[in-house]
Amino acid sequence: MNRRSSRYDLAINRAQDIPAYGRSLLSTILSIKAPEGTYARIAPRSGAAFRKGILIGAGVVDSDYRGEVQILAFNITDQDIFLQKHECITQIILEHISTPKVMEVDDLDTTIRAKDGAEMELPYPIKIIPEIITVG
Ligand SMILES: O=c1ccn([C@H]2C[C@H](O)[C@@H](COP(=O)(O)OP(=O)(O)OP(=O)(O)O)O2)c(=O)[nH]1
């Protein structure tokens with residue numbers, strides 16, 4: 001994995017292909033440990049997306065995940081795509097997250113936005129309890 005500006009390029013470890021209009025779970029043979037309070041997002045590299053017609057799916061690598069990081073890649077073209085060993089079609093971005101407790105409540109407080117907007121029934125209101133999240 002190579003660091004470039006705010007992100008880390010993520011390479012595949014061997015030649016792999018993505019069938020036309022199909023998808024592949026690409027191997028990287030990398031395991032990572034994202035710092036607590038973050039997750040690693042597998043994001044597309046725009047060059048690969050534009051030039052090759054590859055879209056990246058899923059992409060959330062939890063900080064407690066220790067298995068192999070795999071890349072879910074969709075080929076939106078009518079031709080099979082052949083990827084070379086060590087090709088980088090994705091990048092990893094560490095994103096801060098907050099995971100406050102949530103609880104089910106009977107209703108939610110109103111806001112100016114709610115007054116201005118159309119009346120909307122929320123079938124299962126959920127309240128998020130603010131708490132300080134420490135980032136490791
Ligand atoms: O593009 C991805 C997405 C996920 N993962 C790994 C890391 C992640 O922590 C784990 C589980 O992914 P996710 O939580 O999205 O899938 P799930 O279907 O909810 O699986 P699980 O029940 O194992 O949590 O798989 C990857 O390697 N690549």
query = When hydrophobic residues are tied together by side-chain contacts of less than 4.5 Å, even through go-betweens, does Val69 share a cluster with Phe74?
reply = no
In this structure, CD1 of Ile54 is separated from CG of Leu83 (nearest 0.5 Å) by 5.0 Å
Rounded to the nearest 0.5 Å, the CD1 atom of Ile12 sits from the NE2 atom of His86 at a distance of 9.0 Å
To the nearest 0.5 Å, atom CD1 of Ile93 lies from atom OG1 of Thr38 at 12.5 Å
Taken to the nearest 0.5 Å, the spacing of Leu10 CG from Ile92 CD1 works out to 4.5 Å
One should read off an interatomic distance between Leu72 CG and Leu25 CG, to the nearest 0.5 angstrom, of 6.0 Å
* Is a side-chain N or O of Ser31 found less than 3.5 angstrom from the main chain of Arg66, in a donor-acceptor match? -> yes
Review point. Crowded around Ile29 CD1? As in, over 12 foreign heavy atoms under 6.0 Å?
Key: no
### Task
Indicate whether the side chain of Ser27 and that of Asn13 have a donor and an acceptor atom separated by less than 3.5 Å.
yes
If we ignore hydrogens and angles and just use 3.5 Å, is the side chain of Gln91 paired with the main-chain N or O of Pro44 as donor and acceptor?
yes
Between Asp17 (side chain) and Ile81 (backbone), is there a donor-acceptor pair under 3.5 Å? no
Margin query: Has Glu95 got a side-chain atom pairing as donor or acceptor with Ala40's backbone, closer than 3.5 angstrom?
Written below: no
Tested for side-chain contact (heavy atoms from CB on, under 4.5 Å) against Thr28, the lone hit among Leu26, Ile32, Leu30 is Leu30
Smallest heavy-atom separation, Leu94 atom then Ala34 atom, equals CD2-CB, 4.0 Å
Between Asp9 and Arg7 (salt bridge meaning N to carboxylate O under 4.0 Å), is one present in this structure? yes
Closest non-hydrogen contact found for Tyr39 with Val60 is CD1-CG1, 3.7 Å
Is there a side-chain contact between Lys33 and Ser63, using heavy atoms and a 4.5 Å cut-off? no
Interatomic distance, CZ@Arg23 vs CD1@Ile56, rounded to 0.5 Å, equals 13.5 Å
Consider only side-chain heavy atoms of I, L, V, M, F, W and Y, link residues closer than 4.5 Å, and tell whether Leu108 and Met103 are in one cluster. yes
Kindly work out whether a path of hydrophobic side-chain contacts (I/L/V/M/F/W/Y, heavy atoms less than 4.5 Å apart) joins Tyr8 to Val61.
yes
Tyr21 versus Ile76: any side-chain heavy-atom pair under 4.5 Å? no
* Asked: Are the side chain of Thr77 and the backbone N or O of Gly53 linked by a donor-acceptor pair below 3.5 Å?
  -> no
Has the side chain of Ser98 got a donor or acceptor atom that lies under 3.5 Å from a matching backbone atom of Pro100? no
Presence of salt bridge, Lys52 and Glu87, under 4.0 angstrom:
yes
